[in-house]
Amino acid sequence: MPQDISIEAQVQILVEGNDDRNFFRAFANHCRIDGFQIQSFGGAPGLGRFLRTFAGRPGFDSVTALAIVRDADDNAASAFRSVRSALARAGLPEPAQPGELAAGPPAVAVWIMPDGASPGMLETLLWRSVADDPAAPCVAEFLDCADRAGAPTAGSDEARADKARAHAFVATRPRPEVSVGVAALEGYWDFDRPDFGGLRAFLETVAGPED
């Protein structure tokens, strides 16, 4: 954890990396949810060490709510257990289920991407959000063609395939060079899709809607 990170809000949202941070900034702004600070813990393997360090930072005693978001990858239940274990080692409250708020202080909630229960990641949710876009069939056809041609694609790994699909979709937009997180800031994902309902409810549980 970089030593120059400071705690500047009572509600803290911890995410895996910069893509997630940019995505949450864009999504929360769209949902008119404010009043929190987003921090990156740098990937799932480092969460436990990050939490122990973070809980000892100046200002942590002012934190009233802490949200942790990580990818399910191959198994959402396993990912959630891993987060609970990291919380326990840091001496922090452990929610019983994804999306639930464990009493604090600080109150703690966990969300497992893409929807709290399914395997996948941020890109899985993003790809779902553009399923009806006219470019979506073109993206699928392109990746299928590459797979048939013997290119080293994600193949049958569905979660990794969603990452490829999301990046390929960005390539159809005006700024094809940007990451999926910056693409969120550019408005390339459809945040009004029902697919984002669970995540929106989670954020409102932790931070509350803007007054």
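Just the heavy atoms: all of them, side chains too, but no hydrogens, waters or symmetry mates, feed the values below. Predicted model, so just to flag it, every value in this text is computed and none were measured.
Remark: M121 CE to R70 CZ distance equals 10.5 Å, nearest 0.5 Å. A distance of 11.5 Å separates CG in D20 from CZ in R25, rounded to the nearest 0.5 Å. Between atom CD of residue Q97 and atom CZ of residue R84 there is a gap of 8.5 Å, rounded to the nearest 0.5 Å. Here CD of E123 is found 10.0 Å from CG of L125. Values are rounded to the nearest 0.5 Å. Annotation: the span from L126 atom CG to F169 atom CZ amounts to 10.0 Å, rounded to 0.5 Å. In this structure, OG on S78 lies 9.0 Å from CG on D73, to the nearest 0.5 angstrom.
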- Under the salt bridge (Lys or Arg N to Asp or Glu O under 4.0 Å) criterion, do R173 and D133 qualify, and how do the steps go? CA-CA 12 Å; R173 303 296 98 172; D133 189 278; 3.4 Å; yes
- Audit row: R175, E186, salt bridge (Lys or Arg N to Asp or Glu O under 4.0 Å) steps and yes/no: CA-CA 9 Å; R175 294 188 61 198; E186 294 289 330; 2.8 Å; yes
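Across all non-hydrogen atoms, the minimal contact from F23 to M113 is CE2-CE, 3.9 Å. Across all non-hydrogen atoms, the minimal contact from V182 to N22 is CG2-ND2, 3.9 Å. Between I13 and F36, the closest heavy-atom pair is CD1-CD1, 3.5 Å. Contact record, A102 with P93: CB-CB, 3.9 Å, taken as the closest heavy-atom pair. For the residue pair P119 and T124, the shortest heavy atom distance occurs at O-CG2, 4.5 Å. V180 and W189 make their closest contact through O-NE1, 3.1 Å (heavy atoms, listed as atom of the first residue, atom of the second, distance).
Judged by distance alone, with hydrogens and angles left aside, the side-chain atoms of S40 form a donor-acceptor pair with the main-chain N or O of E16 at under 3.5 Å. With hydrogens and angles disregarded, no donor-acceptor distance shorter than 3.5 Å links the side chain of R21 to the backbone of Q39. Looking only at distances, no side-chain donor or acceptor of S85 sits under 3.5 Å from a matching main-chain atom of S82. Distance alone, capped at 3.5 Å, is enough to place a donor-acceptor pair between the Q37 side chain and the E8 backbone.
For the pair F60 and Q12, the minimum side-chain heavy-atom distance is 4.5 Å or more. Within the 4.5 Å cutoff, the side chain of D71 has heavy atoms near those of the L122 side chain. At least one side-chain heavy atom of L87 sits under 4.5 Å from a side-chain heavy atom of V83. Under the 4.5 Å side-chain criterion, counting only non-hydrogen atoms from C-beta, R165 is in contact with D162. P174 places a side-chain heavy atom less than 4.5 Å from the side chain of Y188.
In this structure, E141 places its CD atom where only 12 or fewer heavy-atom neighbours from other residues, nucleotides or ligands lie under 6.0 Å away.
L185 and F24 are members of different hydrophobic clusters when ILVMFWY side chains are connected at heavy-atom separations under 4.5 Å.
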Atom pairs and distances, side-chain donor-acceptor, residues 190-203, under 3.5 Å, sequence neighbours left out:
from, atom 1, to, atom 2, distance (Å)
D190, OD1, D192, N, 3.2
D192, OD1, H30, NE2, 2.9
R193, NE, D195, OD2, 2.9
R193, NH1, D132, OD2, 2.6
R193, NH2, R128, O, 3.1
R193, NH2, D195, OD2, 3.3
R200, NE, E204, OE2, 3.4

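Counted by atom type alone, R57 and T53 present zero donor-acceptor pairs between their side chains at under 3.5 Å.
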